[in-house]
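Residue numbers begin at 1 in each chain, while the letters A, B, ... track the order of the sequences. Computed over heavy atoms, backbone and side chain alike; hydrogens, waters and symmetry mates excluded. These figures come from a predicted structure and were not determined experimentally.
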Amino acid sequence: MPPDKPDVLHGTLTLMVLRTLDTLGPLHGYGIARRIEQISGDQLSLNQGTLYPSLLRLEQMGWVKAAWGLSENNRRARYYTITRAGRTQLETERDQWARASDIVARFVDPPGDPA
Amino acid sequence: MTRRPRVLMARLLSLFRTRGLDRSLDEELQSHLDLAMDEHIAHGRSPDEARAAALRSFGSVALVKERYRERRGVPVLDALWQDVRYACRGFRRTPGFTAVALVTLTLAAGSTLSVFSLLNALVFRTLPVRDPHSLVQLLTVSATNPERTYGLTLGAFLELSRTQSVFSTVIGSSGGHIVTVDVDGTRTSGAVWGLTGNGPSALGLQPTLGRLLTDQDESLTSFTAEPVVVLGHRFWQRHFDSRADVVGRSVDVEGVRFTIVGVAPPRFAAFGLTMEPDLTMPLLAEVLWIEGLSVSELLSRPARWVQTTGRLKPGVSLDTARAHLETLWPHLRAVTLPPTLTVATRDEFLSARLVVESAAYGYEPTLRARFVRPLWILLGIASVLVLVACLNLASLSLARAAARRHELGVRTALGAGRGRLIQQGLTEGLLLASVGTSAGVAFGYWASRQLSDEILRDYIVPSSVNVSPDGRIILVACAVAMLAGTAMGLMPMSQTVRGGAPTLLRQNPRVLGGIGRMGPWLVGTQVALSLALLLNAGLLVRTVGEIAAVDAGYQRHGVFVAYPTQKPQAYKSVDNDRYYPALVERLGALPSVEAVGISQLKPAGGGGGWKEQVAVVGGAPDAAGVTAEFTPLSPGFFATLGIPVTQGRDFTWADRSTARPVAMLSRSLAHQLFPDVPAIGQRVRIGTAAHRQDLEIVGVVADARLYQLKSGDTRAIYVPSLQEGEIASFKALVLRAEHLSLADVRAAVESLGHEYVTKLETLSYVEERARLRERLTASMASLLGGLTLLLATVGLYGLLSYSVRQRHKEIAIRLALGARPGRIVRAVVGAGLVVTLAGAAVGLGVGLLASRLVRSFLFGVSPYDVRTLTGAVLLLVTVALVACLLPATRAARVQPTTALRLD
């Protein structure tokens with residue numbers, strides 16, 4: 001029995017979406033969801049629908065912009081693109097995440113303590 | 001977070017495009033599922049499996065949409081908008097309730113607001129000038145006649161301006177004279193106002209056109225060279241068609257050519273509240289040109305004609321100013337003593353007191369004295385009406401909510417919290433209340449205009465009070481709306497949703513739902529309040545009747561009154577000894593005229609008379625004397641009014657200015673002064689005026705109440721007009737005739753060339769107008785009381801109808817078991833009467849308490865008057881009985897078989 005997939009940490013969804021868009025360029029909602037699933041190696045149980053409220057928030061913040069377009073198999077889909085402000089936010093969140101995990105790491109594996 | 005405003009903006013904007021955005025979201029989610037399905041199909045699944053897999057990994061579509069929407073819009077506003085739309089749907093479904101609620105609110109709120117608008121105009125509104133609270137008015141009051149207020153003499157005004165130190169500006173004004181104005185050949189009349197040049201700038205006034213008066217216009221050289229005048233706004237609209245080219249044109253005022261320099265701001269009524277001056281000119285110009293005095297006459301004129309207003313220096317309080325001026329006053333008075341005064345009048349002059357008051361609220365003493373008290377009474381009554389209306393609407397809403405119980409039960413079962421339902425109910429109530437109250441504001445404005453027009457109808461120049469809605473009125477309207485909205489929305493909903501879904505969904509509730517317990521209390525309170533109002537309205541109506549029934553001592557039918565206005569320039573050359581008899585003769589010569597008389601005071605107008613101290617000559621020299629009504633009049637006055645001369649003779653034209661001074665007494669005064677001897681031939685003195693110190697009594701007349709009908713004092717003394725030294729400009733002509741036309745009277749008066757007439761009234765009309773205050777209060781109180789009774793009765797009817805409908809089956813069973821219909825009727829009527837009588841008992845108590853408050857307004861009827869009491873109670877019980885009988889008879893006609901069959 002595979003272990004239960006942990007829920008995606010709340011604040012990191014923004015980071016993951018922005019990173020995805022930054023790396024892969026403009027993508028529709030399904031594409032973003034699949035990409036996140038792939039990268040996490042199917043370790044995350046993400047209800048794909050929960051992506052959409054987050055995408056709305058990113059849109060409202062001005063970190064992404066959205067437009068209708070055609071997918072590869074000629075389906076109409078709404079494509080999201082990262083903006084310059086979004087890139088700045090991505091950097092900020094990367095730093096924050098790095099610092100946060102650093103601090104937690106010091107507790108979990110404090111330097112000088114035998115593992 | 002600096003992103004907040006951007007997010008908020010996005011959320012607010014999305015409110016306007018919800019439908020489009022919803023569609024877009026649907027499309028997007030659908031496209032997501034399609035893409036997912038494509039991928040699954042590409043991996044070899046069947047379409048059905050692909051769909052199932054796609055949906056599974058997506059999660060709940062409905063939940064996603066809800067979360068999305070929550071984030072997209074502003075949830076509070078969304079909920080509110082939803083509630084509003086739901087409420088409107090509900091109102092459309094129950095048009096009867098909606099209509100009744102709106103009409104009730106419009107009438108109740110409108111009445112309150114109309115009364116409050118008038119009160120606002122008279123009591124709360126400040127003058128529309130810059131910083132009204134720093135304006136102070138100075139009045140003088142004579143020791144003998146303290147009710148009459150005057151201004152300052154010109155000398156005193158000038159001296160005061162020079163020596164005072166508490167005001168930054170001292171403004172002098174004088175006004176109200178009616179003059180003839182020639183506009184391009186058309187003759188019209190207008191009210192002229194004189195103002196010192198510093199006035200407009202001190203008051204912060206802005207002209208509509210051109211400019212207003214300045215200090216330069218005030219100098220003697222200036223206005224002899226080119227007299228200037230400023231037009232009043234309304235005058236400009238009416239007589240110049242609001243043309244912009246009036247500046248520089250000229251008008252003839254009393255034959256003197258004036259140049260128009262500008263138009264005053266709209267709605268500017270000088271220092272008062274009602275009369276807008278038609279023409280404003282420099283203060284001295286008004287007297288010199290219009291009244292025709294010379295400069296030296298002007299400076300030594302003893303009349304206290306300058307209305308003085310000062311603006312306090314910053315930091316100086318009213319009390320400080322008052323103290324300062326009061327110390328200044330005695331010296332000021334002595335130094336500016338007019339040289340032409342006689343010894344007696346000099347004493348009176350030197351005893352005049354200075355009164356210093358705030359001018360922030362304007363100078364309108366007569367109007368206020370007459371109407372402020374009645375308006376407060378009416379406001380009290382209207383507030384009770386609003387209260388009853390709210391109670392009524394509450395019970396209506398309770399019944400309506402009870403009918404929607406099932407729907408509320410479903411909503412509760414589906415997850416709506418109690419708070420949400422109450423919020424929805426409150427929104428509904430406030431929405432309806434807001435619409436109704438807004439209509440009430442409009443109705444109230446219209447009603448207050450009608451009232452103000454009625455009150456000011458007889459002013460010589462068209463006047464009006466400013467009743468337009470301002471902050472205070474909106475505040476009162478909002479308070480009413482909140483009260484009504486809470487009564488209609490909160491109370492019923494909180495009553496009905498008690499008990500949760502199971503109670504609400506029950507098919508045949510045994511209890512009357514929400515209305516059962518509260519209903520009788522609500523109706524009972526309404527009945528009580530309406531009886532209290534009816535009682536007081538009845539007392540007010542009786543008061544009017546009692547005043548009308550007072551025997552005034554003269555015959556009012558068939559008497560006409562006219563008030564001629566002098567042509568000011570022509571006045572100086574009049575020899576009254578010749579003019580008065582000529583005037584009476586010309587008028588007497590008119591075809592239907594039987595008798596003519598002249599009085600220097602307005603009879604039957606309800607205004608105060610003129611009181612003087614009368615003492616016997618030869619008695620103790622410093623005896624105070626008896627206070628009596630003093631009226632100078634002409635021969636023929638008594639005959640015209642049908643007041644019999646009981647001893648001696650009436651005045652004749654031989655009693656002229658050069659003849660021996662004479663007087664006539666009323667019977668009661670004669671009795672008091674000369675109880676043992678006949679009054680004829682005795683001598684009296686009146687007040688302190690030199691020409692009235694030794695008068696011979698030539699006649700005694702029957703008692704008559706010429707001025708105050710309500711007063712019991714009939715002591716009066718009369719002197720011939722011709723012997724009354726300086727005859728004041730006011731004159732009232734009384735004529736006894738079967739019928740009379742204004743044209744005839746006009747022709748007769750104007751043929752002599754000194755005066756003209758603009759109005760002719762009957763004495764009955766004058767009396768009626770004098771009673772306006774009482775009549776208006778009584779009719780408004782009756783109207784409001786009637787409305788309240790109507791509401792209470794409808795409430796009673798509704799309560800009984802509802803209960804009959806709820807107990808349909810029970811009644812049917814009773815009838816089927818053999819009960820007689822009469823018994824059912826009696827039971828229903830009995831239930832209704834219990835509520836009515838209980839309410840009436842409380843209402844009686846409340847009404848009697850209230851009537852003590854209006855006691856000072858009543859006349860000829862006690863606050864505990866039994867006739868009025870029983871009348872009010874009978875009216876209430878009768879109307880209530882009818883209201884009970886209708887549902888009762890309906891109950892008795894229930895068909896047992898049909899009723900029991902329907903389940």
Using atom types as modelled, flag every donor-acceptor pair under 3.5 Å from a side chain in residues 425-433 of chain B to any protein atom, sequence neighbours excluded.
| from | atom 1 | to | atom 2 | distance (Å) |
| --- | --- | --- | --- | --- |
| Thr427(B) | OG1 | Gln423(B) | O | 2.7 |
| Glu428(B) | OE1 | Arg404(B) | NH2 | 3.3 |
| Glu428(B) | OE1 | Gln424(B) | NE2 | 3.0 |
| Glu428(B) | OE2 | Arg400(B) | NH1 | 2.8 |
| Glu428(B) | OE2 | Arg404(B) | NH1 | 3.0 |

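At most 12 heavy atoms of other shown residues, nucleotides or ligands fall within 6.0 angstrom of atom CZ in Arg67(B). The number of heavy atoms from other shown groups lying within 6.0 Å of CZ (Arg51(B)) does not exceed 12. At most 12 non-hydrogen atoms from other residues, nucleotides or ligands lie less than 6.0 angstrom from CZ of Arg17(B).
When heavy atoms are compared at a cutoff of 4.5 Å, Asp34(B) approaches chain A by way of both its backbone and its side chain. For Arg56(B), the part sitting under 4.5 Å from any heavy atom of chain A is the backbone (N, CA, C, O) and nothing else. Contact of Ser24(B) with chain A is made through backbone and side chain together, with heavy-atom distances under 4.5 Å. Proximity to chain A involves both the backbone and the side chain of Glu27(B), based on heavy atoms less than 4.5 angstrom apart. In this structure, chain A has a heavy atom under 4.5 Å from the side chain of Leu29(B), while its backbone stays farther away. For Arg75(A), the part lying near chain B is the side chain, with the backbone staying farther off; criterion is any non-hydrogen pair under 4.5 Å. Only the backbone of Thr50(A) comes within less than 4.5 Å of a heavy atom in chain B; its side chain stays farther off.
Contact record, Tyr30(A) with Leu35(B): CD2-CB, 3.6 Å, taken as the closest heavy-atom pair.
Highest contact tally toward chain B, considering only Asn73(A), Leu55(A), Leu51(A), is held by Asn73(A) [criterion: heavy-atom pairs under 4.5 Å]. If you tally non-hydrogen atom pairs under 4.5 Å between each of Ser31(B), Ala10(B), Ala36(B) and chain A, the highest count goes to Ala36(B). The candidate from Ala33(A), Gly29(A), Gly62(A) with the greatest count of non-hydrogen atom pairs under 4.5 Å with chain B is Gly62(A).
One finds the CD atom of Gln60(A) at 8.0 Å from the CZ atom of Arg71(B) (value rounded to the nearest 0.5 Å). Put simply, CZ on Arg76(A) and CD on Gln30(B) are 13.0 Å apart, with the number rounded to the nearest 0.5 Å.
Side-chain contact between Ser57(B) and Gln48(A): present, with at least one pair of heavy atoms (C-beta onward) separated by less than 4.5 Å.
Partners of Ser468(B) according to the side chain to side chain contact (heavy atoms under 4.5 Å, CB included) rule, which considers only residues two or more places apart in sequence or in another chain, are Arg125(B), Tyr445(B), Asn466(B).
With hydrogens and angles left out, the side-chain atoms of Tyr52(A) and Glu28(B) include no donor and acceptor closer than 3.5 Å.
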